[in-house]
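Note: hydrogens, waters and symmetry copies are ignored here, and every other heavy atom, side chains too, is used.
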Amino acid sequence: MLIIRRRGIHYLQKLNSPNVPTDLIHKGQNRVIDASLTLIRERAKLKGQLVRALGGAVASSSLLGVPLGHNSSFLQGPAFAPPRIREAIWCGSTNSTTEEGKELKDPRVLTDVGDVPVQEIRDCGVDDDRLMNVISESVKLVMEEAPLRPLVLGGDHSISYPVVRAVSEKLGGPVDVLHLDAHPDIYHAFEGNKYSHASSFARIMEGGYARRLLQVGIRSINHEGREQGKKFGVEQYEMRTFSRDRDFLENLKLGEGVKGVYISIDVDCLDPAFAPGVSHIEPGGLSFRDVLNMLHNLQGDVVAADVVEFNPQRDTVDGMTAMVAAKLVRELSAKISK
């Protein structure tokens, strides 16, 4: 008996054999996708019911992992990040209270609906067009269970496009986006890949899913990045002028007149002294306290967020960057929850 092992469907597709009907493969793919969405739906429903039963929450952050790394132009290690971040959140080396005094063990502050099974879906031969739709639908399933709001764990930065798209579509209009990153990720289609992690914000702006896009921490940008920024009206704040821009950036007021604020944090926005476990090491970045000051002082209704591009394969042996990513998640959960 032929045993189709991992990536077996890909192999069958390459054979283009008449003995393997396309309809058979498509039906199988649909079953896997449906099963994946059912798991997210039921977990979100359970967590939403729990938070509503406890009462008193207007908004509650809920973790959704998207372990995707294949759209990275360099290393694919971010696909392994979600479980490492979760492990660091609950490792016991610190207490479970955020800096602003919220208790993470309270489900009204933080719940978890698990991961989108990205690799299992891709192993069935599902292309990126459909995969991005699955990610968007998963985000919407979380948002359907009010007061849950998605706090997404990447994964490479390509995931921000389907997440922001889902948030905007579900809320019925654009959001303001605060994007912390060493790179603008706004190439039209980096290396020919429209879903590249270096092109996610081009897709967001093309789709009209963001009214304002503020990019902070930028220190690796070329001519195309600047021209794309001008084309889409992006507010780009480079590290070379951060000392001049600091007061403004640490006292932002966003989201008025739109559906709220989305925060996207690429861990490489931080100087590698604080976060060495990233694929693209760019010296001269933000300090961790710079980032927290921006988050804590931001005025606006944060409707969703993501933390992306942590690469466990480049982290220190003691998991320093995992703890940094976990702290970002902790403070974001406090910012979202109310």
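At least one side-chain heavy atom of D123 sits under 4.5 Å from a side-chain heavy atom of Q119.
Under 3.5 Å, the side chains of D290 and S287 contain a donor-acceptor pair of N or O atoms. For the 3.5 Å distance criterion, the side chains of T111 and S62 qualify, holding a donor opposite an acceptor. For the 3.5 Å distance criterion, the side chains of D185 and H197 fail to qualify, holding no donor opposite an acceptor. Residues N222 and Y187 bring a donor and an acceptor atom of their side chains to less than 3.5 Å of each other. One side chain, H179 or Q215, offers a donor N or O that lies under 3.5 Å from an acceptor on the other. For the residue pair S96/E103, the side-chain donor-acceptor check at 3.5 Å is satisfied. Remark: the H296 side chain and the E331 side chain contain an N/O donor-acceptor pair separated by less than 3.5 Å.
Within 6.0 Å of CD on E100 lie more than 12 heavy atoms contributed by other residues, nucleotides or ligands.
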Using side-chain hydrogen bond (donor to acceptor under 3.5 Å, both in side chains), reason through D266 and H183 one step at a time and then give a plain yes or no. CA-CA 9 Å; D266 184 323; H183 317 86; 4.9 Å; no
Working note: N311 + R84, criterion side-chain hydrogen bond (donor to acceptor under 3.5 Å, both in side chains); need CA distance, chi angles, decisive distance, verdict. CA-CA 10 Å; N311 184 346; R84 300 286 78 80; over 6 Å; no
Stepwise side-chain hydrogen bond (donor to acceptor under 3.5 Å, both in side chains) test for R246 and N251: CA-CA 9 Å; R246 179 190 296 273; N251 294 280; over 6 Å; no
Stepwise, does the ring pair (Phe, Tyr, Trp, His ring centres under 6.0 Å) test hold for Y237 with F248? CA-CA 11 Å; Y237 297 93; F248 170 72; 5.8 Å; yes
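Taking each heavy atom of S264 and D306 in turn, the nearest pair found is OG-OD1, 2.7 Å. Nearest approach of D156 to N71, heavy atoms of both residues: OD2-N, 3.2 Å. The nearest pair of heavy atoms linking A81 to G154 is CB-O, 3.3 Å. Nearest heavy atom pair, residue V139 against residue P150, reads CG1-CG, 3.8 Å.
Checked for salt-bridge contact, K327 and E99 meet the test: a charged N lies under 4.0 Å from a carboxylate O. Using a 4.0 Å cut-off between a side-chain N of Lys or Arg and a carboxylate O of Asp or Glu, K47 and D112 do not qualify as a salt bridge.
Although no hydrogens or angles enter the test, the distance criterion places a donor-acceptor pair under 3.5 Å between the side chain of T316 and the main chain of M320. Within the 3.5 Å criterion, the main-chain N or O of T321 finds a donor-acceptor partner in the side chain of D315. Although no hydrogens or angles enter the test, the distance criterion places a donor-acceptor pair under 3.5 Å between the side chain of E224 and the main chain of H188.
Atom NZ in K338 sits 5.0 Å away from atom CZ in R149 (nearest 0.5 Å).
Both tests hold for R165 against Y161: distance to the six-membered ring centre under 6.0 Å, angle to the ring axis within 45°.
Just one residue in the list K45, R41, R52 forms a salt bridge (charged side-chain N to carboxylate O under 4.0 Å, His left out) with E145, and that residue is R52.
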